Amino acid sequence: MIIKQTYLESEVLYQVMEILYLQLKELMHELAPEGWNNSPYHFPFELIEGEGDVLYNGYQMVAQAYEQQFGRCPRRYLEEATKTMNMVCKANPHEPLIGEMVYLIEFALVRLTLNGLLFKGSDPATYYIIDEFDIAEQSYLLGIELTLPGVAFCNIPLLSPARHELLFHLDLCVLYKHLLKAFAQLHYDWRYYNEALKMQWIRWRIAKIVNRNDGENSQQSLWIQVKESIASIERAQPPNEVIAYMGTHDKLPVGYPPTMEDLEYISRIT
């Protein structure tokens with residue numbers, strides 16, 4: 001059986017996002033019943049005093065190091081740095097809270113496609129991933145369609161790397177649940193998928209097939225790495241996507257926890 005992977009159709013992605021965008025305020029209350037402005041979900045978008053100076057100092061440090069080695073740093077480098085700082089640290093009088101909620105939905109969609117694959121029960125041999133650029137495009141179209149000016153013409157500050165990294169540590173189970181339910185309404189399911197683990201397994205298989213003079217030692221080492229990686233995943237708390245799936249479907253998703261048999265299967269995805 002041929003197992004293939006392709007991109008999710010834009011029309012399907014639009015319908016899924018529309019389901020959530022029609023209940024943005026309800027989702028915000030569900031995530032932060034104590035109030036959005038007092039929640040950890042608003043914090044990454046809140047301006048932090050002194051952050052601009054810290055970020056700009058990093059650019060200046062790089063410029064000084066460049067000048068010490070190569071002479072004068074290109075003027076445009078620091079000019080562009082100033083523009084970036086203005087985008088990161090600009091004040092926004094419109095308080096685009098809806099835009100922040102949309103940003104988190106887009107982030108959750110990206111995480112779903114990085115840590116899993118979508119599929120239809122009627123066609124389990126075809127798996128779908130989501131194009132990140134398509135997420136942004138459908139979000140823009142929905143912003144226009146639903147007259148959400150803070151979305152169609154996004155005016156939230158550009159997140160610095162430090163603030164964006166914080167998103168990975170927020171509990172977004174609520175969003176994952178709603179997204180998985182929306183996909184289920186359109187007859188799509190979701191399976192766990194670990195790209196790094198799959199590549200470890202493939203390297204072990206190659207070492208086993210090649211079978212060179214030193215292949216046995218290499219093969220054994222790679223085999224141990226795969227087993228340790230699987231054991232590490234089993235010991236760790238399930239990721240939020242998996243927790244949300246269990247809360248939505250009352251069962252574990254396909255592929256979690258990973259097994260050797262499942263790794264062999266997903267290695268055949270073309």
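Remember, predicted model here, so these are calculated numbers, not experimental data. By convention here, the first residue in the shown sequence is residue 1.
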So, does [X] use its side chain to make a donor-acceptor pair with the main chain of [Y] at under 3.5 Å?
X: Ser139; Y: Ala136; value: no
X: Glu46; Y: His42; value: no
X: Ser229; Y: Gln225; value: yes
X: Tyr127; Y: Ile266; value: no
X: Arg203; Y: Lys198; value: no

| Greater than 12 external heavy atoms within 6.0 Å of Glu132's CD | no
Answer yes if the side chains of [X] and [Y] hold a donor-acceptor pair under 3.5 Å, and no otherwise.
X: Tyr176; Y: Thr248; answer: no
X: Gln64; Y: Tyr66; answer: no
X: Trp190; Y: Glu241; answer: no
X: Thr259; Y: Asp262; answer: no
X: Tyr245; Y: Asp189; answer: yes

| query | Any side-chain heavy atom of Ile135 sitting closer than 4.5 Å to one from Met17? | reply | yes
| task | Considering non-hydrogen atoms only, spot the tightest contact between Pro257 and Glu234 and give its length. | result | CB-CG, 3.9 Å
| task | Please report the shortest heavy-atom distance between Leu8 and Asp134, naming the atom on each side. | result | O-OD2, 4.2 Å
| Same cluster (ILVMFWY, side-chain, under 4.5 Å), Met260 and Ile224 | no
| query | Would you say Met199 and Val226 are hydrophobically clustered, going by side-chain heavy atoms of ILVMFWY under 4.5 Å? | reply |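 Yes, one cluster joins them.
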| task | Step by step, work out the ring-ring contact (aromatic ring centres under 6.0 Å, His included) result for Phe119 and Tyr128. | result | CA-CA 6 Å; Phe119 66 96; Tyr128 300 90; 9.2 Å; no
| After noting the C-alpha distance and the side-chain angles of Phe168 and His164, does the key distance pass the ring-ring contact (aromatic ring centres under 6.0 Å, His included) rule? | CA-CA 8 Å; Phe168 292 90; His164 182 78; 5.7 Å; yes
| task | Using the six-membered ring wherever Trp is involved, compare the ring planes of Tyr188 and Phe183 and label them parallel, tilted or perpendicular (cut-offs 30° and 60°). | result |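 Taking Phe183 first and then Tyr188, their aromatic rings stand perpendicular (interplane angle over 60°).
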